[in-house]
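Some notes on the structure that comes next.
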Amino acid sequence: MLDSKQLRTDTESVARNLARRGFVLDLAAFRALEERRKQAQVEADRVRAERNGNAKAVGMAKGKGEDASALLQRGEQLTAELERSEAALVTVQAESDEWLMGLPNLLHDSVPDGADETANVEVRRHGTPRSFDFTPLDHIDIGQKLAGLDFDAAARISGARFSVLRGSLARLHRALAQFMLDLHTSEHGYQEIYAPYLVSAAALTGTGQLPKFEQDLFAVRGERTLYLIPTAEVPVTNLVREQIVAAENLPMRYVAHTPCFRSEAGAAGKDTRGLIRQHQFEKVELVQLVKPADSYAALEALTSHAEEVLKRLELPFRTVALCAGDIGFGSAKTYDIEVWLPGQGKYREISSCSNCEGFQARRMQARWRNPETGKPEPLHTLNGSGVAVGRALVAVLENYQNADGSVNIPVALRPYMGGSDKLLPAI
RNA sequence: GGAGAGAUGGCCGAGUGGUCGAAGGCGCGCCCCUGCUAAGGGCGUAAGGGCCAAAAGCCCUUCGAGGGUUCGAAUCCCUCUCUCUCCGCCA
């Protein structure tokens, strides 16, 4: 949610900013709506104040034993009047809220222009893609040779976009998650969090997935509706919802390893084969809650923490700054980290690190007490994958494959693999 | 699943229809007195929103949430959520 004060007082520049995303802010409609809201609220407040004063007068009159019948009659009128003006306010307020909740975040000045991913800007590159003396396979074929990747079974159990991992491949998958968690907790200063995988609509509204993107989520409908988390960002960021955090407790750095569930509505036909795009996948997620003045330094740090995972795994990657048209709804600035996949011959997203500034905080009412003003102010929230576990598994398989179908285990993962250095093909 | 008890400000806790956003205490902040490893006194101390160019000021909302009764609800009624205790079941 945008700062409504800024939206009202600085409408033109807000509109200019959103236009960079290709989002058209209808200024005339906004001003008309705002005018109606203002009038309705002033009117409702006025009537309510009069009703309260009248009720108080009744109490005083009765206390003195005076006749209050005229006041009681006036009270009835006022209550009826209040009912009408409150109904009008609720209607226009709902309209205004819905509209406000549908506005994306403002972009940071440093975000490059552009309409889609072709305009994203590479900011750095690390490692060199290995040259193969044989034609590298993709992870699906490698997984098949290892007898560790079973999409047929998954399809029988759950349908498309699910996977079954077996044996050493399942273990490697687990090793990746363990390695990432250990790195972030012991070297990067994050506290490990275990959090719910089913969350309320309110939590999802806080981080921005609702109300606009419900079609991307899996809902579990029972006595009350809960949603499967699409990312640990949702429960972990919501740790501070409706809180006022003391300045000395910032920054907060959290890491969580969770499954993520996405309906992938609208992705039909995209990455249909393999582990790249699944309804269920694992992710190690980094979340930081910081003072506003620190959030861009924190974004750089958080991104470097995600990059460190790939450096330790000795996987080639590049980091790109997303352009205006490609940035997510709630983010002010995002870096994507893309890992090299020999099977596809290109870099693919493995992490996305965003500074949401106060956008989520305002929705969640997550605040910190600014010692300079003594007032609660929205804190800044950041999140980033550190990194997607399934995609990391793909990257390891494809980058570490050998001609004989075996796969070397990255040195960093060997302690988590019982010391072994190689996955051997089944055949 | 069965039975019961609760939900009030940063915390504890009073308040069962009327100047209650809410006594008292703790904590915290400022000041005074005193003077040294303490004690006493005074004042202040929630959040959200609106009017206003802004400040000041004024107004509205909020006592778990939502509805209802009433001129008036923290207080009465209904529904829901959450917490706690006991029993049962259970990874």
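Note that the structure is predicted; figures quoted are calculated from it, not measured.
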Check the phosphate of B:A65 against A:R224, side-chain N and O only, distance under 4.0 Å to OP1 or OP2. Yes or no? no
Presence of A:N52 side-chain N/O under 4.0 Å of B:G18 phosphate oxygens OP1/OP2: no
Distance check needed: B:C71 P versus A:L78 CG, whole Å only. 12 Å
Under a 3.5 Å limit on both distances, the Watson-Crick or wobble mate of B:A53 is none
Between atom CZ in A:R369 and atom P in B:C28, what is the gap in whole Å? 16 Å
Can you tell me if A:T79 touches the phosphate of B:U70, counting only side-chain N or O atoms and a distance under 4.0 Å to OP1 or OP2? no
Suppose you measure atom P in B:G25 against the same atom in B:C31; what distance do you get, rounded to whole Å? 22 Å
Take atom C1' in B:A3 and the same atom in B:C12, then report the distance between them in whole Å. 29 Å
Measure from the side-chain N and O atoms of A:T272 to the backbone N and O of A:G269, and report whether any donor-acceptor pair falls under 3.5 Å. no
Integer-rounded Å distance: B:U62 C1' and A:D45 CG: 13 Å
Value in whole Å for how far the P atom of B:G49 lies from CD of A:Q93: 11 Å
As its Watson-Crick or G-U partner within any shown strand, both distances under 3.5 Å, B:U45 has B:G27
Please tell me if A:R46 has a side-chain N or O lying less than 4.0 Å from either OP1 or OP2 of B:G50. no
Minimum-distance nucleotide to A:Q41 side chain [options: B:U61, B:G50, B:C82]: B:G50
Any strand, both distances under 3.5 Å, Watson-Crick or G-U wobble: B:U70 pairs with none
Round to a whole Å and report the spacing from CZ of A:R48 to P of B:U62. 8 Å
Counting only Watson-Crick pairs (N1-N3 plus N6-O4 or O6-N4) and G-U wobbles (N1-O2, O6-N3), all under 3.5 Å, who is the partner of B:C84? B:G4
Can you list the steps and then say if A:R46 with A:E81 is a salt bridge (charged side-chain N to carboxylate O under 4.0 Å, His left out)? CA-CA 11 Å; A:R46 202 212 88 228; A:E81 206 179 317; 3.7 Å; yes
Which comes earlier along RNA chain B counting from the 5' end, the contact point of A:R367 or that of A:K5, where each point is its nearest nucleotide? A:R367
Which nucleotide in the list B:C59, B:G18, B:A47 gets nearest to the side chain of A:K62? B:G18
For A:R37 and B:G50, what is the distance between atoms CZ and P respectively, to the nearest whole Å? 6 Å
Parallel, tilted or perpendicular: ring planes of A:F329 versus A:F359, cut at 30 and 60 degrees: perpendicular
Can you measure A:M60 atom CE to B:C71 atom P for me and round it to whole angstrom units? 18 Å
Looking only at atom C1', what distance separates B:A14 and B:A22, rounded to whole Å? 10 Å
Would a line drawn from the ring center of A:F261 to the ring center of A:H279 be shorter than 6.0 Å? no
Would you measure the distance from the P atom in B:A74 across to the matching atom in B:U69 and give it in whole Å? 16 Å
I'd like to know if the side chain of A:S85 reaches the main chain of A:A44, judged simply by a donor and an acceptor atom lying under 3.5 Å from each other, with no hydrogens or angles considered. no
Which of B:C71, B:C60, B:G48 is nearest the side chain of A:L72? It is B:C71
Distance check, P atoms only: B:C63 and B:A7, in whole angstrom units. 14 Å
Given that both distances must come in under 3.5 Å, which nucleotide forms a Watson-Crick or G-U wobble pair with B:G17? none
Examine B:G48: is either OP1 or OP2 under 4.0 Å from a nitrogen or oxygen in the side chain of A:R362? Give yes or no. no
By the 4.0 Å heavy-atom rule, please label A:L71 as base, sugar-phosphate, or nothing. nothing
Are the side chain of A:R8 and the backbone of A:E34 linked by a donor-acceptor contact shorter than 3.5 Å? no
Counting the atoms with a prime plus P, OP1 and OP2 as sugar-phosphate, which does A:G75 contact under 4.0 Å by heavy atoms, base, sugar-phosphate, or nothing? sugar-phosphate
With rounding to whole Å, what would you report as the distance between B:U8 and B:A47 at their C1' atoms? 15 Å
Is any side-chain nitrogen or oxygen of A:K38 closer than 4.0 Å to OP1 or OP2 of B:G50? no
Is the centre of the A:H305 ring less than 6.0 Å from the centre of the A:Y190 ring? yes
What's A:V58 touching, base or sugar-phosphate or nothing? Going by heavy atoms closer than 4.0 Å. base
Nearest-nucleotide wise, let me know which of A:E34 and A:K375 is further upstream toward the 5' end of RNA chain B. A:K375
Can you tell me, in whole Å, how much space there is between the P of B:G15 and that of B:G6? 13 Å
Nearest heavy atoms of A:T11 and A:L7, plus distance in Å: OG1-O, 2.7 Å
What integer number of Å spans the P atoms of B:G21 and B:U16? 16 Å
In whole angstroms, how far is the P atom of B:C60 from the CD atom of A:E81? 15 Å
